[in-house]
Protein chains: 2
Amino acid sequence: MTTPAQGLHTHVLDALGLEIAAGDCPPGLVLRTDELAQRFDVSRTVVREVVRVLESMHLVESRRRVGVTVRPTEEWNVYDPQVIRWRLAGSDRPRQLRSLTVLRSAVEPVAAGLAARHATAEQCAALTECALGMVATSRGQQLEGYLRHDIAFHRIVLNASGNEMFARLGDVVAEVLAGRTHHQVMFEDPDPAAVTLHVRLAEAVREGDAGGAERLTKEIAVGALHELDVLAP
Amino acid sequence: MTTPAQGLHTHVLDALGLEIAAGDCPPGLVLRTDELAQRFDVSRTVVREVVRVLESMHLVESRRRVGVTVRPTEEWNVYDPQVIRWRLAGSDRPRQLRSLTVLRSAVEPVAAGLAARHATAEQCAALTECALGMVATSRGQQLEGYLRHDIAFHRIVLNASGNEMFARLGDVVAEVLAGRTHHQVMFEDPDPAAVTLHVRLAEAVREGDAGGAERLTKEIAVGALHELDVLAP
DNA sequence: GTGACATAAACGTCGTACTTTTCGCTCCTC
DNA sequence: GAGGAGCGAAAAGTACGACGTTTATGTCAC
């Protein structure tokens, strides 16, 4: 799962970012660049660039004469898809998954309502296709295929909303869906009710039924939250 | 408004980030590190660190033998507060302000509903205090004071929701409020209706009235959107 | 025209030297 | 003994020069 040799920088960034975002480093812990350089067997240059990126994500703070301090969780840029990925790989995945799903339950219904008003013919067609794809992969251990269609479906809705901020949440949703598929034990096939709701949502959007689209999306979100309640502490 | 001498890195990052995020650089434009180093009169080391940060925000992409390419808007990490600040200082501020306000109108009502259920006594008190502060500064050209209370108010609501993702939107909301106060000509005092709504919202939260809190917040959002329609192209 | 190959341009990495900030300690004064 | 001034060192910040690595592009032969 690690990117093999896409640059030293990427490798160190991923390792360190994962370590911090996953919660392995207590807030306030101080790292030294020299130390890190030695530990990862790279030059200080590389470490400094990594630290700068981590700093831009508010994961750490670098101060002279003191070192690189790990910042408390509340200050992180938790909307950075990279940070989300790191956190979902860590120990507080359940909490993270839950708060992200609550966010989805707030945003996606509104986005779906807007999509019903603004979606183009192509977007409607693509949406229907995705819904059908979900139906087709909803049985028989085809979780990967289902996930792909699910992600595409929600991405289209968010894009069709016509709002840039919603659209850019597509990556976040993708991370959430991928995270819950990959990290959570899901013996069984996806919830049939959810599949049906997606099909009906595609219909509602195609028919320009904003209210219906919003309501159906809310139901999907409620279902997702309930699923979390069942499968997580 | 520029940070005087808080490090060369910060200065160059701000200048370049602003230039790109504000829309002065067309997507696809290629920059060279040497060129930038010369232009800002800093070493390549500094430029490289800046580029790395910009790259982590998906504002640019750095490829060997090619240079640093400016990415299209759709790929930017538009939830990064820094990026939001840069964009709000640029030419498409109206569009940006609108999409952010739509986002708020989706998120804040839900957050307020949760806040009504979860807010502590301290948070309720602070909320009331902010609302009173808004009332006190709502007349007589005290926009800065009003802004400070407004930001604090919304931050408390988002924090009190108990959801981390909502809480972290506090920075985004702060940028929006600050942006619309500083960049938009506001001869007159804030809308009295909005002030009243905030006071009532504080009450609703204190009384644990989730439905009321949600409804009032929606009204605030609608008002903000309407205000944008009036004052923006 | 198509393929392989050479070339060079740009970023990527490294090591070193020097500068700047600032923590923490000592020492002096009151 | 308390408090402040001054000193020294530790760590990040900056600069520079060299070399490595990738890869777009042009060239040459077929």
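Per chain, numbering begins at 1; letters A, B, ... match sequence-line order. Only heavy atoms go into these numbers, but all of them, side chains included; no hydrogens, no water, no symmetry mates.
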Taking the six-membered ring for Trp, are A:His154 and A:His149 closer than 6.0 Å centroid to centroid? no
Side chains of A:Thr128 and A:Arg206, donor plus acceptor under 3.5 Å: yes
Could you state the CZ-P distance from A:Arg48 to C:dT19, rounded to the nearest angstrom? 17 Å
Which nucleotide sits closest to the side chain of A:Val66: C:dG12, C:dC23, D:dT14? C:dC23
On DNA chain D, does the nearest nucleotide to B:Arg63 precede the nearest nucleotide to B:Arg44 from the 5' side, or the other way round? Give the residue. B:Arg44
Strictly below 4.0 Å, N to O, side chains only: are A:Glu19 and A:Arg39 in salt-bridge contact? yes
By the 4.0 Å heavy-atom rule, please label A:Val42 as base, sugar-phosphate, or nothing. sugar-phosphate
Name of the residue among B:Asp92, B:Asp24, B:Asp80 meeting salt bridge (Lys or Arg N to Asp or Glu O under 4.0 Å) with B:Arg87: B:Asp92
Classify A:Thr45 by what it touches in the nucleic acid, base, sugar-phosphate, or nothing, heavy-atom distance under 4.0 Å. base
Between C:dC18 atom P and B:Leu8 atom CG, what is the distance in whole Å? 19 Å
So for A:Arg52 and D:dT14, does any side-chain atom that can act as donor or acceptor lie under 3.5 Å from a complementary atom in the base? no
A:His58 and A:Glu74: side chain donor to acceptor below 3.5 Å: no
Round to a whole Å and report the spacing from CD of B:Gln6 to P of C:dT21. 12 Å
Rounded to whole Å, the CZ-C1' distance (A:Phe40 to C:dT13) equals 17 Å
Side-chain donor-acceptor pair present, B:Glu144, B:His182, cut-off under 3.5 Å: yes
Would you kindly give the CG-to-C1' distance between B:Asp41 and D:dT14, to the nearest whole Å? 12 Å
Rounded to whole angstroms, how far apart are CG on B:Leu31 and C1' on C:dA9? 16 Å
Is the shortest distance from a Lys or Arg side-chain nitrogen in A:Glu49 or A:Arg52 to a carboxylate oxygen in the other one below 4.0 Å? no
How many Å lie between NE2 on A:His9 and P on D:dT22, as a whole number? 17 Å
Provide a list of protein-nucleic acid N or O atom pairs under 3.5 angstrom, restricted to nucleotides 5-10 of chain D.
none

Separation of atom CG in A:Asp34 from atom C1' in C:dA17, rounded to whole Å: 14 Å
